[in-house]
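One structure is given here, and the rest of the page talks about it.
Here is how names work: the chains are called A, B, and so on, in the same order as the sequence lines, proteins then strands, and each is numbered from 1. Everything numeric here is computed off the predicted structure, so don't read it as measured data.
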2 protein chains.
Amino acid sequence: MHRKKEMVTDKGEQTRSRIMEVALHMFRERGYEETTMRAIAEQAGVALGNTYYYFRSKEQLIQAFYERIHQETFAACRTVLDKERTLQARLLGVMSSMLAVIEPHHHLSGLLFKTAADPHSPLNPFSSESEAVREQSITLFREVVRGSKDRVPADLQTELPTLLWLYHMGIVLFWIHDASLRHARTNRLVDQSVKLVAKLISLAGLPLMGPLRKSVLRLLIEMGGDAEAPEEPRVPDQKDAKG
Amino acid sequence: MHRKKEMVTDKGEQTRSRIMEVALHMFRERGYEETTMRAIAEQAGVALGNTYYYFRSKEQLIQAFYERIHQETFAACRTVLDKERTLQARLLGVMSSMLAVIEPHHHLSGLLFKTAADPHSPLNPFSSESEAVREQSITLFREVVRGSKDRVPADLQTELPTLLWLYHMGIVLFWIHDASLRHARTNRLVDQSVKLVAKLISLAGLPLMGPLRKSVLRLLIEMGGDAEAPEEPRVPDQKDAKG
DNA sequence: GTCTATAACCGGATAGAC
DNA sequence: GTCTATCCGGTTATAGAC
């Protein structure tokens with residue numbers, strides 16, 4: 001097996017990771033806008049054009065950061081999920097772990113979020129490009145539910161992970177805008193809202209709640225089902241004709 | 001009273017609005033990124049630098065667009081609120097009106113949202129800069145509640161407008177990512193979720209729901225209270241020393 | 001084919017003359 | 001209040017070295 005496609009590696013891979021490290025470091029130190037591609041290149045000891053050989057754009061360097069964060073979060077959650085057995089504790093653990101991981105990156109996360117908010121960005125959490133990552137995250141919440149000894153109505157059980165994922169997105173949104181010292185507000189919010197969520201879930205099992213629960217779930221399923229199937233016919237692209 | 005501060009006007013004001021009209025028009029026709037400041041200037045018959053005399057940045061031209069949309073929405077809602085008397089109908093009317101107003105501006109709205117997501121943007125709906133607009137919006141929802149003949153628990157009544165405002169933000173978020181034909185999905189979502197919200201509100205009055213409702217409200221109040229008070233001491237700015 | 005370097009280009013933003 | 005001339009930084013084109 002003489003690798004062909006993968007001949008990239010070695011020196012190339014080293015250069016690549018060097019650029020990324022430098023970029024991440026400089027982003028943290030001086031902020032994103034203040035860090036120029038030229039500075040990154042210089043600091044990494046390569047020519048400007050070269051950084052573009054490895055990273056299609058400055059934005060993509062953030063994406064690399066995002067993936068790193070994502071992995072770290074998973075690792076941190078692992079510990080919690082191996083230990084806790086109640087839904088509330090598991091959820092709290094996952095949320096706290098995540099917040100702990102992103103804590104040192106508040107500024108950069110704001111940026112990330114901004115890019116992610118663009119419907120056309122590959123980082124957008126609802127886009128098809130990020131489906132893999134999204135699935136992974138939802139699976140994490142699936143495990144939160146599955147591994148707990150709490151009782152959850154069967155129909156809710158299927159959709160609950162998605163709901164928790166949405167909940168977690170809301171918390172991140174709050175965190176990004178949280179200017180309080182060490183994001184104390186967010187931590188309080190998590191502590192209290194997790195309790196609330198747990199309470200809500202247990203209430204959902206009451207017989208009285210059946211119809212309401214069913215409406216919510218029906219709506220969720222209908223909307224979530226193929227949210228990304230572009231029913232809108234693609235308009236022929238003007239630009240293609242020009243090139 | 002010989003106006004001094006306001007001597008801006010006349011020719012200036014004309015130029016200003018000409019630039020804005022041209023910009024909005026071009027944004028709609030060719031998209032934001034594809035419209036250059038140079039093109040706007042040319043089309044408006046002024047020099048590039050001059051557009052910057054009136055608008056501090058390209059982004060600020062979007063802000064102008066935002067304000068226009070905002071006003072249109074209010075006007076559209078007025079009609080509905082004068083007519084409908086049930087909470088559900090009023091809420092549905094407001095949501096539908098808003099969607100109708102923004103419907104032709106899907107592309108631009110995505111952009112707007114992206115900028116708005118930036119915690120540092122003045123457009124950010126949670127920022128102090130946009131407090132006025134936010135208050136205005138919440139007041140709209142306050143009127144939705146107040147003008148209805150439905151019964152709402154007193155404690156909930158105070159916070160409900162804020163909750164509805166958050167709900168409406170969620171809908172907008174969904175709409176921005178909705179690629180379905182004429183955003184049919186979003187319309188369905190609104191139809192159904194409005195019913196759900198109405199049901200939820202009436203359920204909130206049940207005696208059983210008292211404690212739960214109280215927890216939710218307590219949390220909401222605590223978090224909403226002074227969300228923007230920056231408890232974090234401002235770090236001395238390195239850049240200042242350099243200049 | 002993998003990688004590096006140099007010189008542009010392009011468009012947002014600013015300075016400063018008039 | 002309007003212009004011209006520049007800056008600045010992300011991005012691309014291109015030429016060639018390994």
### Task
Identify which nucleotide among C:dA13, C:dT6, D:dC3 has an atom closest to any side-chain atom of B:Arg38, counting heavy atoms from C-beta outward.
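Comparing C:dA13, C:dT6, D:dC3 against the side chain of B:Arg38, the answer is C:dA13.
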
#### Entry: Residue A:Ser57, side-chain heavy atoms: nucleotide from D:dT11, D:dC3, D:dT6 that is nearest
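Nearest listed nucleotide: D:dT11.
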
Rounded to the Å, how far apart are [X] [atom1] and [N] [atom2]?
{"X": "A:Gln14", "N": "C:dT2", "atom1": "CD", "atom2": "P", "answer": "18 Å"}
{"X": "A:Glu34", "N": "D:dG9", "atom1": "CD", "atom2": "P", "answer": "10 Å"}
{"X": "B:Met37", "N": "D:dT6", "atom1": "CE", "atom2": "P", "answer": "21 Å"}
{"X": "A:Phe27", "N": "D:dG9", "atom1": "CZ", "atom2": "P", "answer": "14 Å"}
{"X": "B:Lys58", "N": "D:dG9", "atom1": "NZ", "atom2": "C1'", "answer": "15 Å"}
{"X": "B:Asn50", "N": "C:dG16", "atom1": "CG", "atom2": "C1'", "answer": "14 Å"}
{"X": "B:Phe55", "N": "C:dT14", "atom1": "CZ", "atom2": "P", "answer": "15 Å"}
{"X": "B:Leu61", "N": "C:dG12", "atom1": "CG", "atom2": "C1'", "answer": "12 Å"}

### Query
Starting at the 5' end of DNA chain C and moving along, which residue's nearest nucleotide shows up first, B:Tyr52 or A:Leu48?
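Here A:Leu48 is the residue nearer the 5' end.
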
### Task
State, yes or no, whether a side-chain contact exists between B:Pro161 and B:Thr139 at a heavy-atom distance under 4.5 Å.
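No, every pair of side-chain atoms sits at 4.5 Å or beyond.
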
### Query
Is there side-chain contact between B:Tyr167 and B:Leu91, with heavy atoms separated by less than 4.5 Å?
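Yes; the side chains approach each other to less than 4.5 Å.
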
### Query
Does B:Lys58 make a cation-pi contact with B:Tyr32, if we ask for NZ or CZ under 6.0 Å from the ring centre and within 45° of the axis?
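Positive - B:Lys58 is close enough to the ring of B:Tyr32 and near enough to its axis.
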
### Message
Can you confirm if the NZ or CZ of B:Arg16 lies within 45° of the ring axis of B:Phe55 and under 6.0 Å from the centre of its six-membered ring?
### Response
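That pair qualifies as a cation-pi contact.
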
### Message
Is B:Thr15 close enough to D:dG1 that one of its side-chain N or O atoms is under 4.0 Å from OP1 or OP2 there?
### Response
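The answer is no; no side-chain N or O of B:Thr15 sits under 4.0 Å from OP1 or OP2.
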
### Task
Verify the contact: side-chain N or O of A:Tyr53 to OP1 or OP2 of D:dT12, cut-off strictly under 4.0 Å; return yes or no.
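Result: no.
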
### Query
Would you say A:His25 has more than 12 foreign heavy atoms packed within less than 6.0 Å of its NE2?
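No.
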
### Message
For a quick check of understanding: with a heavy-atom distance under 4.0 Å over all strands, which category does B:Thr51 fall into, base, sugar-phosphate or nothing?
### Response
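Counting heavy atoms under 4.0 Å across all strands, no contact is made by B:Thr51.
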
